[in-house]
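Sequence lines set the chain letters: A, B, ... in the order given, protein chains first and strands last, and positions in each chain run from 1.
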Protein chains: 2
Amino acid sequence: MTTVNALNLAEVGSLIGDPARAQMLTALMDGRALTAGELAWCAGITPQTASGHLAKMQTAGLLTMEKQGRHRYFRLSSPTVAGMLESMHVVCAVDTPKRIRPETRMDADLRQARTCYDHLAGVLGVALADALAARSVIDFSGDGGLVTVGGRDFLAGFGLDMAKLEKGKRHFCRPCLDWSERRHHIAGAVGAGLADRLFDLQWIERIKDSRAVRVTPAGRTGLKETFGIDPSA
Amino acid sequence: MTTVNALNLAEVGSLIGDPARAQMLTALMDGRALTAGELAWCAGITPQTASGHLAKMQTAGLLTMEKQGRHRYFRLSSPTVAGMLESMHVVCAVDTPKRIRPETRMDADLRQARTCYDHLAGVLGVALADALAARSVIDFSGDGGLVTVGGRDFLAGFGLDMAKLEKGKRHFCRPCLDWSERRHHIAGAVGAGLADRLFDLQWIERIKDSRAVRVTPAGRTGLKETFGIDPSA
DNA sequence: GGAATGATTCGGCCCGCGCCGAAGCATGGC
DNA sequence: GCCATGCTTCGGCGCGGGCCGAATCATTCC
């Protein structure tokens with residue numbers, strides 16, 4: 001009777017059936033891409049253990065991986081997988097009456113604006129990248145990122161020491177995948193320079209004990225006037 | 001970072017992650033109730049081992065049990081569980097694009113027409129959904145599914161007790177993703193009602209020991225005349 | 001009553017796999 | 001060249017859980 005490919009079903013089930021892997025998958029359910037290290041931390045296990053789990057899930061086709069520098073970003077391989085996880089969560093929710101953890105204050109802050117290494121990420125970081133792209137200051141359409149000739153003047157006018165930034169060995173202007181927005185923000189020397197400048201102008205300031213940053217009242221007007229960004233919501 | 005209750009997800013996953021249990025669950029996917037012994041046989045294990053598995057799945061809320069004489073009948077506890085299994089099968093089908101193993105007769109039958117919990121799936125199920133959508137009986141374009149005003153009359157005319165179907169608590173008309181066709185067929189009360197009616201009319205009949213169904217000669221003409229479906233291939 | 005059948009509980013074997021420490025690559029920054 | 005960081009591979013430990021044999025309970029039939 002009905003043999004079908006229940007074996008495959010069991011394989012998929014057992015992949016999800018490990019607490020660490022389930023934790024990772026849940027963390028990835030919103031479609032964001034996370035690094036192997038972040039996922040290890042999410043699951044509460046060491047990086048080497050996580051690496052094995054991730055490899056398994058990738059081989060099985062549940063995850064896809066994208067290399068970016070020395071980081072490896074993992075995400076669910078398709079909306080189909082997300083849908084499956086969703087339906088499994090539905091069953092979980094039915095089985096256990098009620099228990100939803102609301103998004104914490106810190107989650108919300110991080111999603112809004114935060115530093116990513118030395119540059120800006122989150123809603124603010126992506127908005128900044130969009131604004132500069134719209135003004136033809138930067139161009140992310142190609143493989144890497146580049147600053148236009150006019151853009152160089154614009155950034156210099158905003159107070160960035162372009163000569164100094166260009167001297168360094170690191171990537172000059174690079175798109176970086178944003179984990180909360182799933183879109184690119186500005187990394188590299190230019191990204192770091194922009195963040196530095198915004199801190200110097202006190203348009204943004206760090207939130208204590210967190211990577212999150214907040215926009216100051218001065219920053220609100222400044223960002224609006226200079227970049228057309230309205231970081232209100 | 002996003003802890004949620006992934007533990008529950010892992011529990012559900014690991015329940016499904018055992019080959020024997022996956023086999024049982026797959027056998028139950030047509031919504032019928034099977035005895036413990038039948039399920040043991042399906043999974044290829046001894047009754048005492050099966051008993052343990054069934055108890056676990058029952059405790060977890062995946063199965064419900066009904067005593068009848070010295071037999072114990074198990075079935076999936078809800079359409080929600082069936083939907084979850086269905087969506088997992090979708091992922092399985094996507095993951096294995098090419099058949100390693102040649103398609104068996106049974107696979108072909110299942111792909112053609114089968115019951116999915118209590119409604120129809122497979123080529124026939126999808127064709128039925130398409131036909132009813134083309135005739136503006138149902139509308140799957142929105143978020144969920146809905147039956148049009150004219151559609152209600154059409155279905156009533158076909159012999160469905162619409163008042164009774166509307167009275168129930170379950171979803172009335174819902175699209176369900178088909179694992180073999182990767183398109184939607186009709187689930188919910190309307191889907192179940194349609195399948196029941198087709199069985200009553202003897203337009204379709206179950207293939208022994210399988211979720212697969214076959215279209216009878218009477219069904220062939222009936223489906224053609226009523227819905228414009230030609231289940232020939 | 002006794003025998004047969006379906007299903008469960010108990011006990012013990014054993015394999016699979018998740019885990020981490022240590023070491024090995026790769027990339028980036030200096 | 002160096003070191004730091006992120007990730008992977010390898011090896012071995014240990015536990016959880018699936019498996020069956022034997023015994024027990026429940027139901028039906030004679």
Mind calculating the distance between [atom1] ([X]) and [atom2] ([N]) to the nearest angstrom?
X	N	atom1	atom2	result
B/Gln48	D/dG17	CD	C1'	16 Å
A/Ile45	D/dC7	CD1	P	13 Å
A/Ile16	C/dC17	CD1	P	16 Å
B/Tyr73	C/dG6	OH	C1'	11 Å
B/Glu38	C/dA7	CD	C1'	13 Å
B/Met24	C/dA7	CE	P	11 Å
A/His53	C/dG16	NE2	C1'	14 Å
B/Leu63	C/dA7	CG	C1'	16 Å

Indicate whether OP1 or OP2 belonging to [N] is found under 4.0 Å from a side-chain N or O atom of [X].
X	N	answer
B/His71	C/dA7	yes
B/Arg21	D/dG18	yes
A/Ser51	D/dT8	yes
A/Thr49	C/dC20	yes

Could you work out which one of [options] sits closest to the side chain of [X]?
X	options	value
B/Asp18	D/dT8, C/dC20, D/dC19	D/dC19
B/Arg70	C/dT5, D/dT8, D/dA22	C/dT5
A/Arg72	D/dG18, D/dC7, D/dG6	D/dC7
B/Lys56	D/dG18, C/dA7, D/dA22	D/dG18
A/Phe74	C/dC19, C/dG28, D/dT8	D/dT8

Has B/Glu205 got more than 12 heavy atoms of other residues, nucleotides or ligands less than 6.0 Å from its CD?
-> yes

Donor-acceptor pair, side chain of A/Arg197 and main chain of A/Phe158, under 3.5 angstrom | yes

Please round to the nearest 0.5 Å and tell me the distance separating atom CG of A/Asp161 and atom CG of A/Leu155.
-> 12.0 Å

Parallel, tilted or perpendicular for A/Phe227 and A/Trp203, by the 30°/60° rule?
-> perpendicular

Under the criterion side chain to side chain contact (heavy atoms under 4.5 Å, CB included), which of B/Thr64, B/Leu25, B/Asp30 is the partner of B/Leu76?
-> B/Leu25

